[in-house]
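Here the structure is laid out as structure tokens; the discussion comes afterwards.
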Amino acid sequence: MEMLSTTSAIRDEFPILEEEVNKHKLVYLDNAASSQKPKVVIDAMSSYYVHHHSNVHRGIHHLSQVATDMFEGAREEMRSFLNAASTKEIIFTSGTTEGINLVATSLSRGVLKAGDEIMITEMEHHSNIVPWQMAATYSGAKLVVVNVTPDGQIDMEDFHSKLSTKTKLLSVVHVSNALGTVNPVKEITAAAKAVGAWVLIDGAQSAPHIQIDVQDLNCDFFTLSGHKMYGPTGSGVLYGREDVLNEIPPYKGGGEMIETVTFEKTTYNELPFKFEAGTPDIAAALGLAEASRFIKRLGYDQIAQTEAELMSYATEKLGEIEGIQFIGTAPKKSGAISFLIEGTHPSDVGTIIDKLGVAVRTGHHCTQPLMAKFGIPGTIRASFAVYNTKEEVDTFVTAVKRAVKMLK
Ligand code: PLP
């Protein structure tokens, strides 16, 4: 297999990077929303449909067994990706949103009670806020929110002061999609577990950039979204610690998640199938496993080094723009830079630079409470992947400067 030691070899793996947008070569800096896909991922999915498709776990015929072996092979790949102890702990989902909803819904069915507290932070994505609000409403538990400091870090003093034996569940983002802050999740997890809480880590933005070891983090749940880590849309993993998954009730009911069904009583299947009702997205799981192999081929050292260089180069170049205000200036950041420019609206800047072929995200980034905390409507966010280059950063910064000139 070809080495991926140069940026041009890496870029060759991503056909979409050759596309033109508005007659300009695409500069794709919206990777935190969704990254692009390498050929190996696209080919794995297409080859599955061309040669191997059948339903899984159900048939005794050849294709069904092949598809089942491939699907369970993908589970083993994701177990290794997260360093989980067992494939029983790897539940395929459609992404982080489904992973969090699975846990929140399950816990709201008799596990969480009035008097319990669910703890989140001000920097959570809506998908790590709303499911817990719903769980709180249905269970009678209370939602407790930890403050964020002005530079965009979790206020650890506030965290420790709000943590107590009432805290049943802490759900915290590993890397903030809006600020890029890397949170000290291992330390936070240790503190929460010391008071007997379960911990969910939202890894949507960390899995693409940081090596994950769920046993080292010692968390009870970890969620990721395949489409943010070079994998397909509709793919994701919820890691759950085996003893905890055995303790909590299922999420969706249906085929596959049962052992026996009568109209009087249903018994549930063993892990992980207890949490995988219905036909899964088999091709997406295979694509996700291929994305995991792709990341392993690159190695997180190379990913981290390339992206850190891009982040610091972009921060320096953007810093030359008069009136720029960075939102989120924590010392440890990964993947994304958020900013505003005095006298301009983020969406106007985004629209103009799109005309020049540059794709960034503007708006509240599904973190409205965080934007409210900073007293802003939203930001411009540039987010990086391993295939981005300094030349692309130059094109982006030049485009932003042009937009500012037009708008001021
Ligand atoms: N959590 C974070 C931090 C995110 O950035 C996102 C998506 O942007 C999500 C959760 C939701 O992920 P998905 O839409 O893939 O379910």
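Whatever order the structure lists them in is the order used to number ligands and atoms, beginning at 1.
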Closest to atom 4 (C) of ligand 1 among protein heavy atoms sits His125 CD2, 3.3 Å
The closest protein heavy-atom partner of atom 16 (O) of ligand 1 is Thr97 OG1, 2.5 Å
Considering all heavy atoms, the nearest Tyr138-Ser108 contact: CB-CB, 4.4 Å
For [X], is the nearest heavy atom under 4.0 Å from an atom of ligand 1?
X: Cys366; result: no
X: Lys228; result: yes
X: Asp202; result: yes

Taking the six-membered ring for Trp, is the centroid-to-centroid distance between His57 and Phe71 below 6.0 Å? yes
State yes or no: are the ring centers of His364 and His126 separated by less than 6.0 Å? yes
Between atom CD of Glu89 and atom CG of Asp243, what is the distance when rounded to the nearest 0.5 Å? 8.0 Å
Please determine whether side chain to side chain contact (heavy atoms under 4.5 Å, CB included) holds for the pair Leu143 and Glu117, giving the CA-CA distance in whole Å, both sets of side-chain angles, and the decisive distance to 0.1 Å. CA-CA 6 Å; Leu143 191 67; Glu117 292 182 355; over 6 Å; no
Examine the proximity of ligand 1 to His365 and report which part, side chain or backbone, both or neither, has a heavy atom under 4.0 Å away. neither
Carboxylate-amine/guanidinium proximity below 4.0 Å for Glu13 and Lys39: no
Salt bridge between Arg381 and Asp30, side-chain N to carboxylate O under 4.0 Å? yes
Check ligand 1 against [X] and write out every atom of the ligand that is under 4.0 Å from a heavy-atom position of the residue.
X: Ser225; value: 12 (O), 13 (P), 15 (O), 16 (O)
X: Gln205; value: 3 (C), 4 (C), 5 (O), 8 (O)
X: Ser127; value: 1 (N), 9 (C), 10 (C), 11 (C)
X: Val173; value: 3 (C)

Counting N and O atoms only, with roles assigned by atom type, does the side chain of His52 sit under 3.5 Å from a partner on the main chain of Val50, one being a donor and the other an acceptor? no
Do Glu98 and ligand 1 have an N or O pair less than 3.5 Å apart? no
